[in-house]
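Below is one structure, written out as structure tokens, with a few remarks after it.
These numbers come from a predicted model, not from an experiment. Computed from heavy atoms alone, side chains included, the values below leave out hydrogens, waters and symmetry copies. First the proteins, then the strands, lettered A, B, ... as listed; each starts at 1.
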Protein chains: 2
Amino acid sequence: MREKHIAELVDRYISVSFSVTKKAEALIKEQIGNDGDLTNDQHYTLRYMHRAGSCTSSELAEVFEVKKSAITAIINRMWEKGLIQRTRDENDRRVVYLTLTDKGKELYLKTEERITRLVKSFITSFDQEEIEQFIKTYEKLNEILIKSKN
Amino acid sequence: MREKHIAELVDRYISVSFSVTKKAEALIKEQIGNDGDLTNDQHYTLRYMHRAGSCTSSELAEVFEVKKSAITAIINRMWEKGLIQRTRDENDRRVVYLTLTDKGKELYLKTEERITRLVKSFITSFDQEEIEQFIKTYEKLNEILIKSKN
DNA sequence: CGTTAATAGTTAAACAGTTGAACAGTTTAT
DNA sequence: ATAAACTGTTCAACTGTTTAACTATTAACG
């Protein structure tokens, strides 16, 4: 009986998480792609770098759960647009530090503002307590997912 | 004061939703890609078709929020693998019905079973009530996202 | 009826993102 | 000093995506 209940929850979770993910991505793309000429992944890369101040390819590969060569490709495209700066570490010359240029920072802040406005419009249509609990569970799920990798 | 609180919630939501999405996708890919030679999108396409029994390209394009040509490409790849059947509607010869072949159904059920086991292992690490509320909010969010398109 | 609209699906070019394997250059270990 | 490990890159091959042009078919309507 309880087993069946869990099976139902699992099923609902699979359905809805896929659907929400796709729809949210599409909406965010609409916001970002307006004039900024950025993709969703590129925005989240800028976001991470803005928060970290500076980071490496390996770090991004780990955070984004992709191979390093994938990061190189993304960084190359943004570097060509003048959004990112590469600086070799003089102490360990294998390492390349990635930082935002002024242009990159400006574009990031502009697109982030749009995304924030969008997400806000959804969040405020929820009950305050409800959304807090939702995000809390999201964060807990995130932690479990991180642990499950080790 | 309340404004600031909402801003913080929005920020946490953006961070965690991206992170969870990426991590979950990576984990599911691990399960699916084991030997089945399927991608995540291909699995979710099979999933939709299995539930619908039969569907069209346009229907998939609408559900997945992509252009029809993107669906054609996905369907082609799965058709080449012998997972999907195409049948012209004899009443309206523009329409092509898509159905799973036996091979497609078998592969779908096998991969779905793996995903279910994975998701179950996460869900059961939550408090029963907590996860129910979480999924409920997810479903509500999904509805809001659907509405926001119109 | 016949012309025009709209619809369903495909194709092709171009791009973003991804992996896997091979590679260069640079530490670190032993 | 040599081997092992690490950081990042390049390349080929692939999936997924959009845009635009196209085929074939059906619907609309004067």
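In this entry the distance linking CD1 of A:Ile75 with P of D:dT9 reads 9 Å, nearest Å. Atom CD in A:Gln42 sits roughly 7 Å away from atom P in C:dA16 (whole-Å rounding). Atom CZ of A:Arg86 is separated from atom P of D:dG8 by 10 Å (rounded to the nearest Å). Straight-line distance from the CG atom of A:Asn40 to the C1' atom of C:dG17: 12 Å, rounded to whole Å. Rounded to whole Å, atom C1' of D:dC6 lies 14 Å from atom CD of A:Glu62. Atom P of nucleotide D:dC6 and atom CD of A:Glu59 are separated by 17 Å, given to the nearest angstrom. Atom pair B:Asp41:CG and D:dT15:C1' shows a separation of 9 Å (rounding to whole Å applied). In this structure, the CZ atom of A:Phe64 is 17 Å from the P atom of C:dA16, given to the nearest Å.
Checked for salt-bridge contact, B:Arg12 and B:Glu8 meet the test: a charged N lies under 4.0 Å from a carboxylate O. With respect to the salt-bridge test (charged N to carboxylate O, under 4.0 angstrom), the residues A:Glu113 and A:Arg117 qualify.
Aromatic ring centroids of A:Tyr48 and A:Tyr108 lie 6.0 Å or more apart.
Contact annotation for B:Ser57: backbone-only contact, meaning every heavy-atom pair under 4.0 Å involves sugar-phosphate atoms and none involves a base. Nucleic acid contact class of A:Thr39 (heavy atoms, under 4.0 Å, all strands): sugar-phosphate only. Heavy atoms of A:Lys67 sit under 4.0 angstrom from primed sugar atoms or phosphate atoms, though from no base atom. Residue A:Thr56 is classed as a sugar-phosphate contact, given heavy-atom separations below 4.0 Å to backbone atoms only. In this structure, A:Ile74 reaches the sugar-phosphate backbone alone: every heavy-atom distance under 4.0 Å involves primed, P, OP1 or OP2 atoms, never a base. Nucleic acid contact class of A:Arg88 (heavy atoms, under 4.0 Å, all strands): none.
Taking side-chain N and O atoms only, B:Arg77 has a distance below 4.0 Å to OP1 or OP2 of D:dG16.
Scanning for ring-ring contact (aromatic ring centres under 6.0 Å, His included) contacts around B:Phe134 gives A:Phe134, A:Tyr138, B:Tyr138, with sequence neighbours left out.
Evaluation of atom-type donor-acceptor distances gives a pair under 3.5 Å for the side chain of B:Arg94 against the base of C:dT7. Looking at B:Ser58, its side chain has no donor and acceptor atom pair within 3.5 Å of the base of C:dT7.
Checking C:dA8, D:dG16, D:dC11 against the side-chain heavy atoms of A:Ser69 singles out D:dC11 as nearest.
Position along DNA chain C of the nearest nucleotide to A:Asp92 versus A:Ile71 favours A:Ile71 as the more 5'-ward residue. Residues B:Cys55 and A:Lys68 both approach DNA chain C. Their nearest nucleotides, taken by heavy-atom distance, put B:Cys55 toward the 5′ side. Toward the 5' end of DNA chain D, the nearer of the two residues A:Lys22 and A:Asn76, judged by each one's closest nucleotide, is A:Asn76.
The shortest side-chain heavy-atom distance between A:Leu60 and A:Ile75 falls under the 4.5 Å cut-off.
Syn is the conformation of C:dA5, whose glycosidic angle sits no further than 90° from 0.
Counted within 6.0 Å of CD on A:Glu25, heavy atoms from surrounding residues, nucleotides or ligands total more than 12; the atom is thus considered enclosed.
Nucleotide C:dA5: unpaired (no Watson-Crick or G-U wobble partner with both distances less than 3.5 Å). Using Watson-Crick or G-U wobble geometry with both donor-acceptor distances under 3.5 Å, C:dA14 finds its partner in D:dT17.
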